[in-house]
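Written below as structure tokens is the structure these notes are about.
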Amino acid sequence: MLSRRAREQIPPSAFNVMWEVMKDPWDAYENPSGYVNVGVAENHLMQAELDDYLSQHVDMRGSVLTYQDGPMGSRRLRAALARFLNRQLRPYRALDASQIIVTNGVSNALEHTSWAFANPGDAFVLGRPYYGAVNLALRPQMLTLPVAFGQVDPLSLEAVACYEEAIVAARQQGTAVRGLLLCSPHNPLGQCYSPHVLEAFLKLCDRHRIHLVCDEIYALSVWAGAPFTSVIALRLEQFIDPALVHVLWGVSKDFGANGWRLGCIISLSNRAFHTAMNSVAIYSYVSSITDHVVTQMMEDDGFVDGYLAENRRRLASMYAFATDFLRRHGIPYAPGVHAAFFLWVDLGQAYRDRHPDRAEEPGVVEELKQALWAHKVYLAWGGNFDSESPGMFRIVFAHPRAYLEEALRRINQALERGVQAATWTSSLL
């Protein structure tokens with residue numbers, strides 16, 4: 001009764017751990033035996049401020065019951081986004097509303113770009129580790145070719161050569177490579193690409209005539225180190241045909257509003273792409289209420305500037321708290337994090353250190369995953385990011401301190417107790 005492609009999705013869709021976790025959330029008083037979730041990339045640090053702003057400043061009167069201006073975002077919203085992004089990303093040439101396509105989330109924005117720039121069976125390259133929900137095979141029916149780096153820093157200038165090797169090798173094997181996907185700030189490494197490295201990527205894409213799609217969804221959550229550089233802040237004409245460059249952004253991460261489902265594609269000079277989007281944008285139509293709310297927020301410079309500054313301060317504070325805990329408990333993590341809100345942590349090594357008798361066992365990472373699950377703490381496992389190191393996990397630290405402290409405590413208990421954790425009860429919490 002189902003199509004072949006639908007039948008293929010039944011096994012992976014039958015049980016999704018993340019949805020099970022969300023149905024049983026931990027609360028210190030109401031549900032102390034629930035799951036503590038530090039695996040989903042949501043920012044919970046500024047929710048009260050956003051709630052207060054919405055209740056006090058957003059006027060819901062107006063055109064929020066109609067289709068408004070069409071499926072690519074209202075004219076007023078796109079103008080507000082262009083003005084906001086001009087202030088925040090400082091593009092070399094100022095954006096205008098005609099260069100922005102609004103979508104119901106950045107995931108749909110990514111799917112649109114892959115649909116538009118690649119035929120079924122063509123490929124995009126992306127570096128490991130990468131955000132595991134990038135599944136361009138599902139509907140665009142295209143390939144993602146992961147790039148391995150070994151001992152090379154994935155965000156370094158040297159890593160660009162690894163991408164080129166992957167592009168050349170794929171084409172020699174008959175695969176058409178149509179694009180290169182970057183995430184800056186990087187998910188899950190929590191770092192930004194430098195301007196020099198971005199320039200090298202632009203030259204690489206121009207040399208091979210492929211699209212550069214840069215996911216900048218964490219662009220305004222850079223809380224330490226050098227200022228963030230958007231790819232559109234560079235003088236693109238010096239390095240590439242600007243029609244090959246596309247930036248993705250949305251309110252999910254920087255504004256802690258995943259549920260609003262509002263993202264956008266910034267495509268500077270590819271009018272054919274914008275025209276093609278008219279045919280499919282109806283499937284990513286943003287709610288007129290979300291359109292209306294985000295427009296008013298983007299037009300309020302005082303609020304967004306203060307909000308983003310306080311968000312960065314809180315992110316830095318929670319990063320310091322999390323890393324202090326990890327150091328004190330001998331849990332190694334990737335250094336250099338200065339953006340977004342997660343840590344790339346080697347729990348596999350920490351587990352082996354505590355259980356030397358199990359260190360050489362091939363199933364030690366699976367054993368650790370079972371221990372974490374038994375302690376009802378949810379993390380994103382490195383295998384979901386196609387990590388070159390199987391014992392890596394991503395910990396999201398953008399939570400109130402008490403919540404994060406509970407998560408870190410459970411993680412440490414799972415490391416200490418191992419498979420014995422399967423016998424724990426709520427009395428341990």
Side-chain angles (χ1 to χ4, degrees), residues 85 89-93 106 109-110 113-114 116-118 122-131 134 136 142-150 152-171 175-219 222 225-249 265-270 273 336 338-340 385-386 388:
L85 293 170
L89 301 184
R90 302 182 183 277
Y92 180 74
R93 299 188 188 281
V106 171
L110 176 58
T113 55
S114 60
F117 301 136
D122 293 347
F124 271 31
V125 294
L126 69 170
R128 301 168 68 184
Y130 54 85
Y131 175 50
V134 176
L136 304 183
M142 57 171 291
L143 307 175
T144 49
L145 299 180
V147 178
F149 302 103
V152 174
D153 177 359
L155 288 95
S156 68
L157 196 59
E158 292 75 15
V160 180
C162 299
Y163 283 88
E164 184 152 35
E165 291 173 6
I167 293 168
V168 172
R171 287 181 168 173
T175 299
V177 177
R178 301 297 188 187
L180 189 154
L181 176 61
L182 287 185
C183 186
S184 182
H186 193 282
N187 178 8
L189 299 181
Q191 300 179 48
C192 303
Y193 290 93
S194 72
H196 294 308
V197 174
L198 290 174
E199 290 170 3
F201 276 117
L202 292 170
K203 293 176 183 177
L204 171 66
C205 291
D206 190 61
R207 189 158 59 246
H208 292 279
R209 296 300 297 170
I210 62 176
H211 294 268
L212 177 65
V213 179
C214 198
D215 179 353
E216 299 185 357
I217 196 170
Y218 297 98
V222 179
F228 171 74
T229 300
S230 171
V231 70
I232 58 174
L234 304 174
R235 191 168 183 173
L236 297 178
E237 292 86 350
Q238 291 185 347
F239 311 107
I240 193 172
D241 177 359
L244 294 173
V245 179
H246 319 276
V247 168
L248 313 180
W249 183 80
I265 307 168
I266 305 163
S267 188
L268 302 177
S269 58
N270 195 320
F273 170 61
H338 58 269
F385 296 87
D386 198 16
E388 294 182 65

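Only this structure's heavy atoms are used, side chains among them; waters, hydrogens and symmetry mates stay out.
Leu198 CG to Ile232 CD1: the interatomic distance, rounded to the nearest 0.5 Å, is 11.5 Å. Rounding to the nearest 0.5 angstrom, the gap separating the CD1 atom in Ile167 from the CG atom in Leu180 is 5.5 Å. Atom OH of residue Tyr131 and atom CG of residue Leu126 lie 13.0 Å apart, to the nearest 0.5 angstrom.
For the pair Cys205 and Ile240, the tightest heavy-atom approach, listed with the atom from each and the gap, is CB-CD1, 3.8 Å.
In this structure, the side chain of Thr144 does not engage the main chain of Phe124 through any donor-acceptor pair within 3.5 Å. A donor-acceptor contact shorter than 3.5 Å links the side chain of Glu388 to the backbone of Gly150. Judged purely by atom type and a 3.5 angstrom limit, Glu216 has no side-chain atom pairing as donor or acceptor with the backbone of Val247.
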Output, in order, the C-alpha distance, side-chain angles, deciding distance and verdict of side-chain contact (heavy atoms from CB on, under 4.5 Å) for Arg93 and Leu236.
CA-CA 10 Å; Arg93 299 188 188 281; Leu236 297 178; over 6 Å; no
Stepwise side-chain contact (heavy atoms from CB on, under 4.5 Å) test for Cys192 and His338
CA-CA 8 Å; Cys192 303; His338 58 269; 3.6 Å; yes
Residue pair His208, Arg171: steps toward the side-chain contact (heavy atoms from CB on, under 4.5 Å) verdict
CA-CA 11 Å; His208 292 279; Arg171 287 181 168 173; 3.5 Å; yes
For Phe201 and Tyr163, run ring-ring contact (aromatic ring centres under 6.0 Å, His included): C-alpha distance rounded to whole Å, both residues' side-chain angles, the deciding distance at 0.1 Å, then the answer.
CA-CA 9 Å; Phe201 276 117; Tyr163 283 88; 5.0 Å; yes
Could you walk me through whether Leu89 and Trp249 pass side-chain contact (heavy atoms from CB on, under 4.5 Å), step by step?
CA-CA 11 Å; Leu89 301 184; Trp249 183 80; 5.7 Å; no
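With sequence neighbours left out, Phe228 forms a ring pair (Phe, Tyr, Trp, His ring centres under 6.0 Å) with no residue at all. Remark: Glu158 pairs with no residue by the salt bridge (charged side-chain N to carboxylate O under 4.0 Å, His left out) rule, at least two apart or across chains. A search for side-chain contact (heavy atoms from CB on, under 4.5 Å) contacts involving Val106 returns Asp215, Ile217, Leu248, not counting sequence neighbours. Applying the salt bridge (charged side-chain N to carboxylate O under 4.0 Å, His left out) criterion to Arg128, with sequence neighbours excluded, gives Asp386. For the side-chain contact (heavy atoms from CB on, under 4.5 Å) test, residues two or more places apart in sequence or in another chain that qualify with Arg209 are Asp206, Asp241, Leu244.
Residues Pro185 and Val222 have side chains in contact (heavy-atom distance under 4.5 Å, counting atoms from C-beta outward). Contact annotation: the side chain of Glu237 approaches that of Pro242 to within less than 4.5 Å [non-hydrogen atoms, C-beta and beyond]. Within the 4.5 Å cutoff, no side-chain heavy atoms of Phe117 are placed close to those of Ile210.
Pairs passing the side-chain hydrogen bond (donor to acceptor under 3.5 Å, both in side chains) check and including a residue from residues 183-205, sequence neighbours excluded, read Asn187-Arg394.
Shown here is Arg207, whose CZ atom has more than 12 heavy atoms of other residues, nucleotides or ligands within 6.0 Å.
The aromatic rings of His211 and His246 lie tilted to each other, with the angle between the two planes from 30° to 60°.
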